[in-house]
Amino acid sequence: MRITRAVLREVPLALREWFEISSGGMQARRVILLTLEGEGVEGWGECVAGEDPGYSYETSDTAWLALTRWILPKVVGKELEDARSVLDGVSWIRGHRMAKAAVEMAGWDLEAKRRGVSLAALVGGNRESVPVGVSIGIQKTDDALLAKVEGHLAEGYRKIKIKIKPGRDGSMLEAVRSRFPDAPLMADANSAYRLETDFEALEALDSLGLMMIEQPLGHDDYLDHSRLQARLETPVCLDESIRSVGDTLLALHLGSTRIVNIKPGRVGGLASSIAIHDACGAADVPVWCGGMLESGIGRAHNVALATLPGFSVPGDISNSKRYWDEDIIEPEFEMSDGLMPVPQGPGIGVTPRMDRIRALTSRTEVFEG
Ligand code: OSB
Ligand code: MG
């Protein structure tokens with residue numbers, strides 16, 4: 001098949017609330033949406049890059065540059081085996097996995113719609129709903145955090161992830177644990193600690209019964225994560241460090257991680273995510289689907305991926321309303337009893353709201369071939 005047209009849109013979306021991680025906070029996302037058209041069908045993808053390079057070196061601006069200058073000119077007009085192989089011509093481009101993932105995932109949606117099957121079915125999943133959790137940003141006070149945890153537990157979320165950083169960690173989490181003795185809690189440090197100087201702060205978390213501690217150390221530090229894991233009972237979970245199946249095999253080999261956070265938008269798309277899922281499965285390492293505050297379009301891809309059997313831990317796949325006053329898809333994502341229903345229609349199974357998307361779009365680029 002041939003991709004005859006691609007439309008790239010930048011769509012600024014205001015978050016309902018400030019979201020803070022150890023490297024900084026955000027009040028909005030500049031979402032990059034991509035449509036690929038082929039054989040009269042349209043596939044949708046979303047780029048998860050953020051505003052600044054605090055999580056990854058990629059940003060909305062670098063992704064826009066990589067997509068417009070190098071990636072899309074090689075994708076549009078090419079004859080392809082199937083839409084899932086859209087990235088075949090751009091393997092020479094190093095890195096820029098978030099930019100590439102938007103294209104790859106639009107290719108999967110296009111392929112699923114062309115075959116008339118759900119994206120979940122195309123990736124090989126067979127669940128009708130997936131268990132979900134919620135990620136809580138760093139709060140100004142412990143009381144504010146306790147109120148958030150209480151609210152989200154009452155909503156039914158099956159995993160409560162709490163962002164930490166040095167100085168907002170042990171005693172804060174102890175307060176949460178003593179108030180909610182049985183809650184499924186975990187922490188995410190977004191690389192804020194160093195083994196040499198901060199081991200005691202991390203060791204202090206080890207008696208809190210956390211499901212895992214996510215990415216405590218440097219984004220590229222496999223060795224110190226393995227040393228840390230050897231000294232902790234609590235599983236370490238890598239996020240930033242896992243960009244590919246190669247990174248995964250390295251981390252598994254070194255014992256740097258006992259659980260893996262897979263975000264298709266971070267690892268170059270769904271094929272890479274499936275390969276990571278399979279590598280973890282072969283090593284008996286559970287995985288879960290992370291999130292990057294996606295709009296409903298990226299969320300739909302995440303939900304589809306999370307239907308694979310290895311996703312045994314609840315994902316960071318929360319209700320649309322947890323992020324946005326109004327999502328850009330219909331119907332919005334809404335869980336019931338801690339389970340997110342998997343859309344059953346063709347492809348991503350949700351409909352982009354073109355009226356809203358057009359009204360919000362701040363730049364557009366069209367490629368034809
Ligand atoms: O580390 O998982 C992370 C959001 C932005 C950047 C990094 C992370 C996050 C989240 C949000 O934790 C999870 C979600 O989408 O709900
Ligand atoms: Mg994380």
Side-chain angles (χ1 to χ4, degrees), residues 13 15-31 46-60 63 97-98 101 130-139 145 148 152 155 157-165 185-193 210-219 221 225 235-243 247 251 257 259-267 287-303 305-306 313-324 327 332-335 338 340:
L13 290 180
L15 287 163
R16 286 183 74 176
E17 55 183 53
W18 175 253
F19 186 79
E20 190 171 321
I21 69 176
S22 61
S23 60
M26 53 209 97
Q27 184 62 64
R29 276 198 65 225
R30 249 195 303 154
V31 174
E46 170 174 346
C47 179
V48 302
E51 196 57 33
D52 65 45
Y55 172 84
S56 159
Y57 69 87
E58 290 190 80
T59 67
S60 302
R97 290 185 173 85
M98 292 179 173
V130 296
V132 292
V134 64
S135 172
I136 306 177
I138 295 169
Q139 304 293 309
L145 175 60
K148 282 251 179 289
H152 288 314
E155 287 175 275
Y157 284 109
R158 297 189 180 197
K159 175 166 69 72
I160 306 284
K161 163 164 137 181
I162 300 170
K163 295 288 185 178
I164 59 169
K165 65 177 180 182
L185 301 177
M186 62 167 289
D188 185 2
N190 289 106
S191 296
Y193 296 85
L210 301 178
M211 298 168 78
M212 69 196 93
I213 303 174
E214 184 176 342
Q215 197 71 39
L217 308 177
H219 68 96
D221 200 340
H225 275 111
V236 169
C237 167
L238 291 179
D239 172 357
E240 283 90 326
S241 293
I242 303 293
R243 300 156 303 178
D247 290 340
T257 192
I259 301 181
V260 170
N261 170 328
I262 304 181
K263 297 176 179 172
R266 183 195 69 224
V267 303
V287 301
W288 54 284
C289 185
M292 289 293 288
L293 311 174
E294 285 92 344
S295 81
I297 290 172
R299 192 165 312 284
H301 286 273
N302 291 350
V303 169
L305 177 67
V313 177
D316 278 350
I317 304 173
S318 310
N319 289 341
S320 291
K321 281 280 178 283
R322 184 256 174 278
Y323 309 90
W324 321 109
D327 207 333
E332 294 198 342
F333 281 97
E334 193 179 351
M335 65 175 185
M340 191 64 77

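For this chain, numbers begin at 1 and follow the sequence in order. Indexing begins at 1, ligand by ligand and atom by atom, following the structure's order.
We find the CG-NZ distance between Asp316 and Lys263 to be 7.0 Å, quoted to the nearest 0.5 Å. Atoms OH and CE, from Tyr57 and Met98 in turn, are 8.5 Å apart once rounded to the nearest 0.5 Å. In this structure, CG on Asn190 lies 8.0 Å from CD1 on Ile138, to the nearest 0.5 angstrom.
A donor-acceptor pair under 3.5 Å is absent between the side-chain atoms of Thr59 and the main chain of Asp52, judged by distance alone. Between the Glu240 side chain and the Leu238 main chain, no donor and acceptor come within less than 3.5 Å of each other.
Less than 2.8 Å away from the Mg ion (ligand 2), the protein contributes these N/O/S atoms: Asp188 OD2, Glu214 OE2, Asp239 OD2.
Partners of Glu332 under the side-chain hydrogen bond (donor to acceptor under 3.5 Å, both in side chains) rule, at least two apart in sequence or in another chain, are Lys321. Scored by the side-chain hydrogen bond (donor to acceptor under 3.5 Å, both in side chains) test, Asp188 finds Lys161, Lys163 as partners (sequence neighbours excluded).
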(message) side chain to side chain donor-acceptor pair (under 3.5 Å) for Tyr323 and Arg29? Distances and angles first, verdict last.
(response) CA-CA 10 Å; Tyr323 309 90; Arg29 276 198 65 225; over 6 Å; no
Could you go through ligand 1 and note, for every N or O atom, any protein N or O atom closer than 3.5 angstrom, writing the atom names and distance to 0.1 Å, or 'none'?
from	atom 1	to	atom 2	distance (Å)
ligand 1	1 (O)	Lys163	NZ	2.9
ligand 1	1 (O)	Asp188	OD2	3.0
ligand 1	1 (O)	Asn190	ND2	2.8
ligand 1	1 (O)	Asp239	OD2	3.1
ligand 1	2 (O)	Lys161	NZ	3.0
ligand 1	2 (O)	Asp239	OD2	3.4
ligand 1	2 (O)	Lys263	NZ	2.9
ligand 1	12 (O)	Ser135	OG	2.9
ligand 1	12 (O)	Lys161	NZ	3.3
ligand 1	12 (O)	Lys163	NZ	3.1
ligand 1	15 (O)	Met292	N	3.3
ligand 1	15 (O)	Leu293	N	2.9
ligand 1	16 (O)	Tyr323	OH	2.6

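Residues Cys289 and Pro264 meet the side-chain proximity criterion, which asks for heavy atoms closer than 4.5 Å.
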